[in-house]
Chemist: 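Just passing along the structure, written as structure tokens.
All chains are named by letter (A, B, ...) in the order of the sequence lines, taking the proteins before the strands, and each is independently numbered beginning at 1.
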Amino acid sequence: MHWSKQLIPTLREVPQEAEIPSHQLMLRAGLIRKLSAGLYTFLPLGFRSLKKVERIVREEMDRAGALEILMPALHPQEIWENTGRFDVLKDVMFKIKDRQERKLVLGPTHEEIVTDLVSHEINSYRQLPVNLYQIQTKFRDEIRPRFGLMRAKEFIMKDAYSFDADWDGAEKSYQAMYEAYKRIFKRCGLRTKIVEADTGAMGGSSSHEFMVLADAGEDGLVECGSCPYAANLERAESVLRSAVTFDGAEKMPEVVATPNRRTVQEVSNFFKSSPARLIKTLIYMADDKPVAVLVPGDREVNEIKLNRALSAKSLVLADNPTIARVTGAPVGFAGPVGLSLPIYADHKLKGYQGAITGANQADAHLVNVDLERDAKVTQFVDVTSAKGGDGCPRCGNGTLNEKRGIEVGHVFKLGTKYSEKLSALYKDAEGKEHPAIMGCYGIGVTRTLQAVIEQCFDTDGIIWPITIAPYSVEVLVINAQHAESAKVSVEIVAALKAAGIDVLYDDRDERPGVKFKDADLLGIPIRVNVGEKSLAKGVVEIKMRKTKELRTVPVAEAVNKILSTIRELNDEING
RNA sequence: CGGGGCGUAGCUCAGUCUGGUAGAGCACUGGUUUUGGGAGCCAGUCGUCGGAGGUUCAAAUCCUCUCGCCCCGACCA
């Protein structure tokens, strides 16, 4: 393809709307353009890479035995009401009506739709297992779309759904997808970290996320320095490394006047103690009933964990009047001692002695508190997030490191949640009916594309892995008006095309500097410079985008050299 | 939804405080010289200053309302 006939609107300057590298580069390299918040057009270059990612996904899903289908993006609202998920997801779904006032939604995911399909088409254990997948546009009314394709209102997802007759089979299906995902991301040139994750609105027993480590990632995670344990912060467990006994451990509680010291910072400053010595008491309304939640002063409540621990349908922090009523003190002075509420203490507080808590009276705190001796803890639960420096919950001696990641894939063990509600039943050999056991598996295809860029760039631009680069090779003629240069360029381009290689030919009548800058920005892995000076010596230059290595090769050997270099780059990724 | 920032040429931005004929660089068009890392010169095109209303002799600038975009948070698969 001749550059002069392509649409590649590169930007010299960083657009104001973009903050993170991958978003800036996608705009600058002319891959995408914004229509509105969270809605993007793929320009030719971006679309080419997108299709290459899709192709890898498709090849690996097919290889794993999954069957490609295509489901509608428009769904009757009713089917979502049948599983009870309309209430869970109604804020994230776009809701519309047809001309007959029938209620429809734009699909944010497809568990209901595929299960409905299977309920009609699969009846016997002989038809199982089956794994159906699609690559399709999803719609989610995000509260805050962000960072270009990273979190968009409309995006392309590969979603797969497995149905098995028994739990062993379901486990095998899950493992097959897990392995397929590893291959997919590897082939895209991504380094991913697989972490244990929360299942959220999807439900089910357990799940793993495929994370691309990047500072711009929206998810926090921890990984153990000495064993394979890694988990999303929403779920991660950890062991406390710091002390749980403090000065005054053997003494009895004592009220100390702390006028106007409410926050952890103020109180710990007042006592000249570390925040960890404080026990923070928060009052939550769990299904409209007040409960006390205790966490170490230097920790925050992880509401996802709290929700799970209490199995509450609704969970909100109590308002100030409620706090005053149930603790008998203004906000800032609540404590567990003498409190007549259910008390849920984070397990990191186990063994806390000599601690400082609110005294449940205005302007006062208690010191020398021994939590288990002095307060009636209803239950110890895991309700705080792990953080870097904590101990590993698995191997015991490792230390957790905190990282940020972009979630590009998520695999879930769903069990029978959907198959029961939508009657996706099969008959076993004895003719008895059972709900199929399900798994679901998602890859954010458009997000993956951006994640690759977030992981592969330098100060000059994108550095595409050859497997998903818009073109494998860029031929750059230094001076388009120099007849010999143009002739050699065209010959090399034609020979590469004949060998089945994607080639971009920068034939523009621009100054060399402009073309070099654009080439680096676009990040095509292999660049061939064809110029008067090197032709005089009978050679052309092959410049590697990633390593910046420059090789000169005789014109006659150029095409073969390029082809072998392409093979090397592919082997590097797939090998 | 709460907090913060921003909307002026295709892009990046100045001008707004202190009201007085709308600017720069890049891009674009034509010409010319130049051709190995974002060229020089000459000439030119491009604006409902996000929108509506108000104050004023006069509004990009002051006031009110509104729309959009970005960031942080809440929330979220």
Side-chain angles (χ1 to χ4, degrees), chain A residues 9-20 23-24 27-28 30 33-39 85 88-93 107-112 138-148 150-153 155 157-159 197-204 207 209-210 216 218-219 232 234 300-301 303-304 307 314-317 406-412 414 440-444 447 459-461 476-482 485-486 506 508-521 527-537 539-541 543 548 550 552:
Chain A
T10 58
L11 266 26
R12 188 177 295 223
E13 284 167 287
V14 177
Q16 183 200 345
E17 70 191 63
E19 196 129 318
I20 65 170
H23 188 196
Q24 294 176 348
L27 291 165
R28 288 192 56 211
R33 284 294 183 265
K34 182 174 72 181
L35 171 64
S36 163
L39 300 173
R85 277 220 300 179
V88 181
L89 294 175
K90 63 174 182 286
D91 290 337
V92 88
M93 289 199 282
T109 176
H110 279 67
E111 282 76 20
E112 278 74 1
K138 298 280 184 271
F139 299 86
R140 296 186 186 179
D141 191 1
E142 291 289 349
I143 297 171
R144 183 149 91 88
R146 253 203 276 215
F147 301 145
M150 205 71 100
R151 182 165 293 267
K153 289 181 179 169
F155 61 98
M157 181 188 239
K158 186 287 302 175
D159 44 327
D198 186 75
T199 54
M202 213 56 81
S207 74
E209 288 170 334
F210 289 72
E218 295 188 275
D219 288 284
N232 192 309
E234 291 174 352
E300 301 301 324
V301 171
E303 293 193 356
I304 291 169
N307 223 328
S314 76
L315 185 71
V316 285
L317 272 169
I406 301 163
E407 177 193 349
V408 289
H410 202 158
V411 292
F412 298 82
L414 287 180
C440 75
Y441 318 93
I443 289 179
R447 183 185 279 181
T459 52
D460 294 321
L476 188 156
V477 60
I478 305 285
N479 178 358
Q481 290 176 4
H482 180 248
S485 299
D506 190 351
R508 293 175 301 169
D509 189 15
E510 288 284 353
R511 294 180 61 85
V514 172
K515 296 167 88 164
F516 289 144
K517 287 287 184 190
D518 271 346
D520 288 342
L521 179 59
R527 187 175 94 206
V528 183
N529 295 335
V530 182
E532 199 171 346
K533 286 182 186 170
S534 22
L535 284 182
K537 291 179 253 169
V539 299
V540 296
E541 294 161 354
K543 171 99 179 189
K548 298 188 159 73
L550 188 70
T552 55

Chemist: Could you pull out all residues at least two apart from A:Pro9 that satisfy side-chain contact (heavy atoms from CB on, under 4.5 Å)?
Modeler: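 In terms of side-chain contact (heavy atoms from CB on, under 4.5 Å), with neighbours along the sequence ignored, A:Pro9 is linked to A:Leu7, A:Arg33, A:Leu43.
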
Chemist: Base, sugar-phosphate or nothing for A:Arg28? Non-hydrogen atoms, less than 4.0 Å.
Modeler: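 Since a base atom lies under 4.0 Å of A:Arg28, the category is base.
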
Chemist: Rounded to whole Å, please give me the gap between CD in A:Glu303 and P in B:C76.
Modeler: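 Rounding to the nearest Å, CD of A:Glu303 and P of B:C76 are 9 Å apart.
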
Chemist: Taking pairing as Watson-Crick or G-U wobble with both contacts under 3.5 Å, can you name the mate of B:U12, or confirm there isn't one?
Modeler: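 Its partner is B:A24.
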
Chemist: With sequence neighbours left out, what residues match A:Phe412 under ring pair (Phe, Tyr, Trp, His ring centres under 6.0 Å)?
Modeler: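 Once residues adjacent in sequence are excluded, the partners of A:Phe412 under the ring pair (Phe, Tyr, Trp, His ring centres under 6.0 Å) criterion are A:His410.
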
Chemist: Atom NZ of A:Lys34 to atom C1' of B:C70: distance rounded to whole Å?
Modeler: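 Roughly 7 Å, once rounded to whole Å.
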
Chemist: Reading nucleotides 4-15 of chain B from the 5' end, what letters show protein touch, with B for base, S for backbone sugar-phosphate only, - for no heavy atom under 4.0 Å?
Modeler: --S----BSS--

Chemist: Roughly, in whole Å, what's the span from CG in A:Asn529 to P in B:U35?
Modeler: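 In whole Å, B:U35 P and A:Asn529 CG are 18 Å from each other.
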
Chemist: What is the distance, rounded to the nearest whole Å, between atom CD of A:Glu510 and atom P of B:U34?
Modeler: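 To the nearest whole Å, that distance equals 18 Å.
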
Chemist: Map A:Glu541 and A:Arg151 onto RNA chain B by nearest heavy atom, then report which one ends up closer to the 5' terminus.
Modeler: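 Nearest-nucleotide comparison on RNA chain B picks A:Glu541.
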
Chemist: The side chain of A:Arg146 is closest to which nucleotide in this list: B:G38, B:G73, B:C69?
Modeler: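 Of the options given, the side chain of A:Arg146 lies nearest B:G73.
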
Chemist: Name the closest nucleotide to the A:Val92 side chain, picking from B:C76, B:C69, B:G38.
Modeler: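 Between B:C76, B:C69, B:G38, the one nearest the side chain of A:Val92 would be B:C76.
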
Chemist: Considering residues at least two apart in sequence or located in another chain, which fulfil the salt bridge (Lys or Arg N to Asp or Glu O under 4.0 Å) criterion with A:Glu218?
Modeler: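 Partners of A:Glu218 under the salt bridge (Lys or Arg N to Asp or Glu O under 4.0 Å) test: A:Arg146, A:Arg151.
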
Chemist: Is there a donor and acceptor pair closer than 3.5 Å between the side chain of A:Asn479 and the base of B:G36?
Modeler: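 Check fails, no donor-acceptor contact within cut-off.
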
Chemist: Measuring from the side chain of A:Lys517 (C-beta onward, heavy atoms only), which nucleotide among B:G38, B:A39, B:U35 has the closest atom?
Modeler: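 So the nucleotide nearest the side chain must be B:G38.
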
Chemist: More than 12 heavy atoms of other residues, nucleotides or ligands under 6.0 Å from CD of A:Glu17: yes or no?
Modeler: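 Enclosed: over 12 neighbouring heavy atoms sit under 6.0 Å from CD of A:Glu17.
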
Chemist: Paired with B:G68 by Watson-Crick or G-U wobble geometry, both distances under 3.5 Å: which nucleotide is it?
Modeler: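 Matched B:G68 with B:C6 under the 3.5 Å cut-off.
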
Chemist: Does A:Arg144 put a side-chain nitrogen or oxygen below 4.0 Å from OP1 or OP2 of B:C75?
Modeler: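 For B:C75, OP1/OP2 do not have a side-chain N/O of A:Arg144 under 4.0 Å.
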
Chemist: Considering Watson-Crick and G-U wobble pairs with both distances under 3.5 Å, what does B:C62 pair with?
Modeler: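 Base partner found: B:G54.
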
Chemist: Listed by chain and number, what are the side-chain contact (heavy atoms from CB on, under 4.5 Å) partners of A:Glu510, not counting sequence neighbours?
Modeler: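 Applying side-chain contact (heavy atoms from CB on, under 4.5 Å) to A:Glu510 gives A:Arg508, A:Val514, A:Lys515.
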
Chemist: Applying the Watson-Crick and G-U wobble criteria at under 3.5 Å, what pairs with B:C17? Answer none if nothing qualifies.
Modeler: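 Partner of B:C17: none found under 3.5 Å.
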
Chemist: If I pick the P atom on B:C17 and the same atom on B:G53, what distance separates them, to the nearest angstrom?
Modeler: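 Each nucleotide's P atom is 22 Å from the other's.
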
Chemist: Using whole Å, report how far CG of A:Leu535 lies from P of B:U35.
Modeler: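 After rounding, the reported distance stands at 17 Å.
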
Chemist: Below 3.5 Å is the cut-off: list the nitrogen or oxygen pairs between protein and nucleotides 49-51 of chain B, distance only.
Modeler:
none

Chemist: Under a 3.5 Å cut-off for both contacts, is B:C75 paired Watson-Crick or G-U wobble with anything, and if yes, with which nucleotide?
Modeler: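 Result: none.
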
Chemist: Can a side chain N or O of A:Ser534 be found less than 4.0 Å away from OP1 or OP2 on B:G36?
Modeler: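 Result: no.
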
Chemist: Rounding to a whole Å, what distance do you find between A:Leu317:CG and B:A74:C1'?
Modeler: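 So the two atoms are 11 Å apart, to the nearest Å.
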
Chemist: Watson-Crick or G-U wobble partner for B:U35, using a 3.5 Å limit on both distances?
Modeler: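 Answer to the pairing question: none, since B:U35 forms no Watson-Crick or G-U pair.
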
Chemist: Output the single nucleotide from B:C70, B:G37, B:U35 whose closest atom is nearest the side chain of A:Glu19.
Modeler: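 Nucleotide nearest to A:Glu19's side chain: B:C70.
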
Chemist: If each of A:Asp219 and A:Ser36 is mapped to the nucleotide of RNA chain B with the nearest heavy atom, which maps nearer the 5' terminus, i.e. the 5' end?
Modeler: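 Its nucleotide being nearer the 5' end, the pick is A:Ser36.
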
Chemist: Donor-acceptor pair, distance only, cut-off 3.5 Å: does the side chain of A:Arg28 make one with the backbone of A:Val14?
Modeler: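 No; zero donor-acceptor contacts below 3.5 Å.
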
Chemist: Between the main-chain N or O of A:Ser207 and the side-chain N or O of A:Thr199, is there a donor-acceptor pair closer than 3.5 Å?
Modeler: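 Such a contact is absent between A:Thr199 side chain and A:Ser207 backbone.
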
Chemist: Expressed in angstrom and rounded to an integer, what is the separation of A:Asp518 atom CG from B:G37 atom C1'?
Modeler: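 Atom CG in A:Asp518 sits about 11 Å away from atom C1' in B:G37.
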
Chemist: May I have the distance from A:Glu300 (atom CD) to B:G73 (atom P), rounded to whole angstrom?
Modeler: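 Rounded to the whole Å, the gap is 13 Å.
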
